[in-house]
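Throughout, residue positions are numbered sequentially from 1 according to the sequence presented. If you're wondering where the values come from, they're calculated on a predicted model, not measured in any experiment.
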Amino acid sequence: MGEVKTKAFSGDDFRKELVKIMPGYDWTVHRQSKHFPELLEATGIKSSGFNRLSTLAVSRRERLVGVEYEAKSAGFGTRAPWLHTNRDGTLARTLRGLQQHYEQTAATFYGHAAALQSSRATQSPATEGGEGA
């Protein structure tokens with residue numbers, strides 16, 4: 001019985017996987033390094049007109065025990081810092097984990113904002129504009 005050879009996961013395969021799960025981003029799959037053939041990297045950009053709304057960097061690394069995906073995202077603009085990174089065994093779980101992190105963070109900050117808002121002293125309509133008109 002002969003050994004079954006599987007086709008190596010290519011940049012085209014990676015792009016198809018990314019577009020299937022995240023079609024709202026414009027994807028650039030970066031050239032594979034000769035020194036690290038097990039690593040694929042891509043950058044996704046979501047923009048509105050000339051404004052960059054979000055940047056998503058995804059890497060796929062083949063390990064001895066399987067595949068590992070890493071995703072990190074940045075906010076507005078080309079020089080925005082990376083906000084968070086998540087790793088998992090599938091692309092879908094990696095991106096879902098990143099999204100859940102942001103949803104949990106948003107809920108935490110909303111809770112703090114609501115507590116501050118509800119604790120503020122109520123002002124009469126005459127003094128709402130700041131210093132006494």
Side-chain angles (χ1 to χ4, degrees):
M1 230 183 337
E3 199 175 293
V4 177
K5 290 188 177 183
T6 58
K7 183 183 145 210
F9 201 82
S10 70
D12 289 338
D13 297 328
F14 192 34
R15 175 187 296 283
K16 288 176 189 172
E17 185 179 30
L18 290 164
V19 169
K20 181 180 177 182
I21 292 179
M22 298 295 279
Y25 281 81
D26 293 325
W27 290 101
T28 301
V29 176
H30 305 290
R31 207 173 295 171
Q32 276 182 281
S33 168
K34 293 176 186 174
H35 303 291
F36 299 102
E38 73 281 359
L39 176 67
L40 290 168
E41 296 179 310
T43 304
I45 297 170
K46 187 170 183 72
S47 49
S48 175
F50 291 111
N51 298 318
R52 183 181 291 208
L53 302 176
S54 174
T55 303
L56 190 60
V58 179
S59 64
R60 180 186 192 278
R61 185 182 306 268
E62 293 189 25
R63 303 265 187 203
L64 293 175
V65 294
V67 176
E68 179 186 64
Y69 288 88
E70 178 182 282
K72 59 185 177 178
S73 63
F76 306 109
T78 57
R79 293 188 175 96
W82 296 113
L83 299 172
H84 189 68
T85 301
N86 193 53
R87 290 183 188 91
D88 211 317
T90 68
L91 179 59
R93 285 196 317 250
T94 301
L95 295 170
R96 171 56 72 186
L98 195 60
Q99 180 181 339
Q100 286 174 339
H101 166 77
Y102 292 131
E103 289 170 350
Q104 289 169 354
T105 302
T108 300
F109 279 95
Y110 178 78
H112 288 292
L116 289 170
Q117 177 64 34
S118 67
S119 299
R120 293 184 69 146
T122 57
Q123 297 178 344
S124 66
T127 61
E128 275 187 13
E131 292 185 10

Contact summary for V19 and W27, nearest pair of heavy atoms
CG2-CD1, 3.9 Å
Minimal non-hydrogen separation, L39 against S59, with atom names:
CD1-CB, 4.0 Å
Quick test of your reading of the model: are R15 and E17 salt-bridged, counting only N-O distances below 4.0 Å?
no
Contacts of Q117 meeting side chain to side chain contact (heavy atoms under 4.5 Å, CB included) (sequence neighbours excluded), chain-then-number -> R120
Go through T43 and Y25 one step at a time and tell me if the side-chain hydrogen bond (donor to acceptor under 3.5 Å, both in side chains) criterion holds.
CA-CA 9 Å; T43 304; Y25 281 81; over 6 Å; no
Got V58 and E70 here, is their nearest side-chain heavy-atom distance under 4.5 Å?
no
Test item: S118 side-chain N/O and A115 main-chain N/O as donor-acceptor pair under 3.5 Å
yes
Between CG on residue D88 and OH on residue Y69, distance to nearest 0.5 Å:
11.0 Å
Check the pair N51, S48 against side-chain hydrogen bond (donor to acceptor under 3.5 Å, both in side chains), reporting the backbone distance first and the verdict last.
CA-CA 5 Å; N51 298 318; S48 175; 5.6 Å; no
Check: T94 side chain, N86 main-chain N or O, donor-acceptor pair, under 3.5 Å
no
Donor-acceptor check, side chain of S47 to backbone of F50, threshold 3.5 angstrom: yes or no?
no
Do you know the tightest heavy-atom contact between F14 and L40?
CD2-CB, 3.7 Å
Taking it one step at a time, do Y102 and S73 satisfy side-chain hydrogen bond (donor to acceptor under 3.5 Å, both in side chains)?
CA-CA 10 Å; Y102 292 131; S73 63; 2.5 Å; yes
Apply the test side chain to side chain contact (heavy atoms under 4.5 Å, CB included) to residues R87 and E68: give CA-CA distance (whole Å), side-chain angles for both, the deciding distance (0.1 Å), then the verdict.
CA-CA 7 Å; R87 290 183 188 91; E68 179 186 64; 3.5 Å; yes
First locate atom NE2 of H84, then atom NE2 of H101, and finally report the distance between them rounded to the nearest 0.5 Å.
4.5 Å
A cation-pi test, strictly: NZ or CZ of R60 under 6.0 Å from the centre of the six-membered ring of F9 and no more than 45 degrees from its axis. Yes or no?
yes
Which heavy atom of L83 sits nearest to which heavy atom of G75, and what is that distance?
CD1-N, 3.8 Å
Within the distance-only criterion (no hydrogens, no angle test), does the side chain of T90 pair as donor or acceptor with the backbone N or O of R93 below 3.5 angstrom?
yes
So CG of L18 and CG of L56: to nearest 0.5 Å the spacing works out to 8.0 Å
Between A80 and A74 the two heavy atoms that sit nearest each other are O-CB, 3.7 Å
Would you say the side-chain atoms of Q99 and E103 include a donor-acceptor pair closer than 3.5 Å?
yes
Separation of T55 OG1 from D26 CG (nearest 0.5 Å):
11.0 Å
Heavy atoms of other groups near R52 CZ, more than 12 under 6.0 Å
yes
So, for M22 and L95, which heavy atoms are closest and what is the spacing to 0.1 Å?
CG-CD1, 3.5 Å
